[in-house]
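This one's a predicted model, so the numbers in the text were calculated from it and none came from an experiment.
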Amino acid sequence: MNCPVKGKAWATGASPLCASGKGARQGTRAPPYLRAFLSNPHSMLDTAYLRNHPEEALNRLSKRNIDAEGLLAKAAGLDEKRRSTQNALDALLAEMNDHARSIGELMKAGKKAEAEEARARATELKEGIAAMKDQLAAAEKALHEHLWTIPNTPQERVPAGKTPEDNQVVAQHGELPRLAAGAKPHWELAEEYGLFSLELGVKLTGAGFPVYTGQGAKLERALIAFFLDRATEAGYMEVIPPLLVNADSAFATGQLPDKEGQMYHATADDLFLIPTAEVPITNLFRDVILEAGALPVKRVGYTPCFRREAGSYGKDVRGLNRVHQFDKVEIVRIEPPERSDAALEEMTAHVKGLLEALELPYRQLLLCGGDMGFTSAITYDMEVYSGAQQRWLEVSSISNFETYQSNRLKLRYRGEDKKPRLAHTLNGSALALARIVAALLENNQTPQGIRIPNALQPYTGFGMIVKK
RNA sequence: GGAGAGGUGGCAGAGCGGUUGAAUGCGGCGGUCUUGAAAACCGCUUUACCCGCAAGGGUAACGGGGGUUCGAAUCCCUCCCUCUCCGCCA
């Protein structure tokens, strides 16, 4: 089995799907969370969609840098096998039910001999049923395991492409800062002003765990409060979720099995530290059928985020550019399909508003098919310009997952006809803190100190970061 | 961590191993009645998969998994969870 996708999210290659075949998932050898998932009748792409819109699915999936045709053809075959097996089993079970019912009636009527006869026939049926059940289980397993390997189908407007080079810049705003010669990167500023320390983090934990201090800590807290307030004003309900989730939750939003190696795993209790608030907040709606009036659902949550980032190294990870623990405010929406595109644009506009309030130059990227996350149908990345490093830093990723997550979540809503159907889920960072801090510090450094944007001053209580 | 009780439909709450997908009550929806509303009365009211243009039909599900049986919500095993009491504790 080849790993079908090499996105940036798979730097570790630790996915059991991509590793070396199926050993990890077989029978009783599968870890508990995989067994739990095997029992879940839902997979990722909706088989009904694949069956009813084969051409559209193929067109969309072809944007990815994968063998879309082969994957879909195999899925169609496995789906067909599953359905025919289920038909056969259902017929056998119906026959068995007839026997069982008539035996009961015959017993009541005192016709013992006839009852015995029927019982003998029923006993014969049992073997065939057991065998057919095994076949169905095997067919379902084969189908689901295959579906797990197929990423979400990109929307029409997503550009085809393989690498970040193929992403499209769809908007840019703000002047790039012209810093004086000798402008310092944020990690040097942090030392100079006592804002955060990675060395102390090493002592306490290990590399990539910053300790914020003094005005640095206050700035962090101010940004969190600012982002939460802005989201609340925009109609998002605030949530403070658990920071540890169980395997069911990690599966439902797609972190497992695809990104297993990216999460910290508390093995004693089989819990995972969340890599993003998306996981607990979206899972609030697992196994839920929302009434039509309940949509749209808009939630916002601040949480620390934990990412192992195994395999990352080099200059990209200096300072706050890439750390194992960072703060993030996340917005999550649940929408009916016809409104999810508009919701994505609203979320993007919200994020732009935040960046403009912080006076940070930014650009908006429409990710190409090859660079998008596994579960996304369309993704915008927002990047801010970090003046001293002279590079763009990703501070937000805003995605529409359409029904890909909701199919696993079993998250549905009732349409006008009262029938349950899969909702669309979306989420986006609004915003990720660490890199915002990096850009703020670098872009606003002056000989007198580091200037705090006006919008943030009510939250920090100071307008300038100064040396002690 | 120790001891006990329990997990059934939106909620509450029944259920001798045999038309029990599941009594009853509440809630919800529709209707009758009414100038309107309430009350009363009548009917309806889970989800998934499969077959079918549809009407309709089949199968599955009573915390999860497994077992006994012709047949299990009802019996057995196991796991999970919840509640109560004790201990510990921000």
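The separation between Asp287(A) atom CG and A61(B) atom P is 18 Å, rounded to whole Å. When rounded to the nearest whole Å, the span between CG of Leu422(A) and C1' of A48(B) equals 12 Å. If you take CD of Gln86(A) and P of C49(B), they are 10 Å apart, rounded to a whole angstrom. The distance from atom OH of Tyr49(A) to atom C1' of C49(B) is 21 Å, rounded to the nearest whole Å. Spacing between atom NZ of Lys418(A) and atom P of U46(B) amounts to 13 Å, rounded to whole angstrom units. Taking atom CG of residue Asp46(A) and atom P of nucleotide A48(B), one finds them 12 Å apart after rounding to whole Å. Spacing between atom CD of Glu80(A) and atom C1' of C49(B) amounts to 14 Å, rounded to whole angstrom units. Atom C1' of nucleotide G1(B) and atom CG of Asp269(A) are separated by 14 Å, given to the nearest angstrom.
G36(B) is unpaired under the Watson-Crick or G-U wobble criterion, no partner having all donor-acceptor distances under 3.5 Å. Using N1 to N3 plus N6-O4 or O6-N4 for Watson-Crick, or N1-O2 and O6-N3 for G-U wobble, each under 3.5 Å, U69(B) pairs with nothing. The partner of A3(B) is U84(B), judged by Watson-Crick or G-U wobble contacts that both fall below 3.5 Å. Under the Watson-Crick and G-U wobble criteria, each requiring two contacts below 3.5 Å, nucleotide C41(B) is paired to G31(B). Remark: U74(B) base-pairs with no nucleotide; criterion is Watson-Crick or G-U wobble with both hydrogen-bond distances under 3.5 Å. Pairing for C49(B) goes to G58(B), judged as Watson-Crick or G-U wobble with the two contacts each under 3.5 Å. Base pairing annotation: G10(B) forms a Watson-Crick or G-U wobble pair with C26(B), both donor-acceptor distances under 3.5 Å.
Judged by distance alone, with hydrogens and angles left aside, the side-chain atoms of Ser429(A) form a donor-acceptor pair with the main-chain N or O of Ser397(A) at under 3.5 Å. Of the possible polar contacts, one joining the Asn52(A) side chain to the Ala48(A) backbone as a donor-acceptor pair under 3.5 Å is found. A donor-acceptor contact shorter than 3.5 Å links the side chain of Ser406(A) to the backbone of Ala423(A). Remark: the backbone N or O of Lys81(A) is paired with a side-chain donor or acceptor of Ser84(A) at under 3.5 angstrom. For the pair Arg408(A) (side chain) and Phe251(A) (backbone), a donor-acceptor distance under 3.5 Å is present.
Rounded to the nearest Å, the gap between the P atom of G21(B) and that of C26(B) is 25 Å. Between the C1' atoms of A73(B) and G13(B), the separation comes to 15 Å (whole Å). Taking atom C1' on both A40(B) and U34(B), the two are 12 Å apart, rounded to the nearest angstrom. When the C1' atom is compared between G25(B) and G66(B), the two are found 36 Å apart, to the nearest whole Å. To the nearest whole angstrom, the two P atoms, one in U8(B) and one in C44(B), are 26 Å apart. Taking atom P on both C85(B) and C16(B), the two are 31 Å apart, rounded to the nearest angstrom. Remark: the separation of the C1' atoms in A12(B) and G7(B) is 15 Å, to the nearest Å. C11(B) and G65(B): their C1' atoms are spaced 28 Å apart (whole Å).
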note = Given protein heavy atoms under 4.0 Å, the one-letter contact record of nucleotides 70-80 of chain B, with B base, S sugar-phosphate only and - none, is simply BS---------
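For the OP1/OP2 pair of U19(B) and a distance below 4.0 Å, the side-chain nitrogens and oxygens of Asn97(A) include no atom meeting the criterion. Dashed line: the shortest gap from a side-chain N or O of Arg83(A) to OP1 or OP2 of C51(B) is under 4.0 Å.
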message = One pair to check against side chain to side chain contact (heavy atoms under 4.5 Å, CB included): Asn246(A) and Asp270(A). What are the steps and the verdict?
response = CA-CA 7 Å; Asn246(A) 58 31; Asp270(A) 198 22; over 6 Å; no
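For Ala357(A), the side chain to side chain contact (heavy atoms under 4.5 Å, CB included) partners at least two apart in sequence or on another chain are Phe226(A), Arg230(A), Ala455(A).
Map Ala91(A) and Pro420(A) each onto its nearest nucleotide of RNA chain B; the residue landing nearer the 5' end is Pro420(A). Taking the nucleotide of RNA chain B with the nearest heavy atom to each of Ala94(A) and Ile289(A), the more 5' of the two is matched to Ile289(A).
A perpendicular orientation is assigned to the rings of His324(A) and Tyr264(A), their planes being inclined by more than 60° (bins at 30° and 60°). The aromatic rings of His265(A) and Phe272(A) sit parallel to each other, their planes meeting at less than 30°, with 60° as the upper class boundary.
Listed candidates were G58(B), A48(B), C49(B). Nearest to the side chain of Asp90(A) is G58(B).
Arg414(A) comes within 4.0 angstrom of the backbone, heavy atoms only, and of no base.
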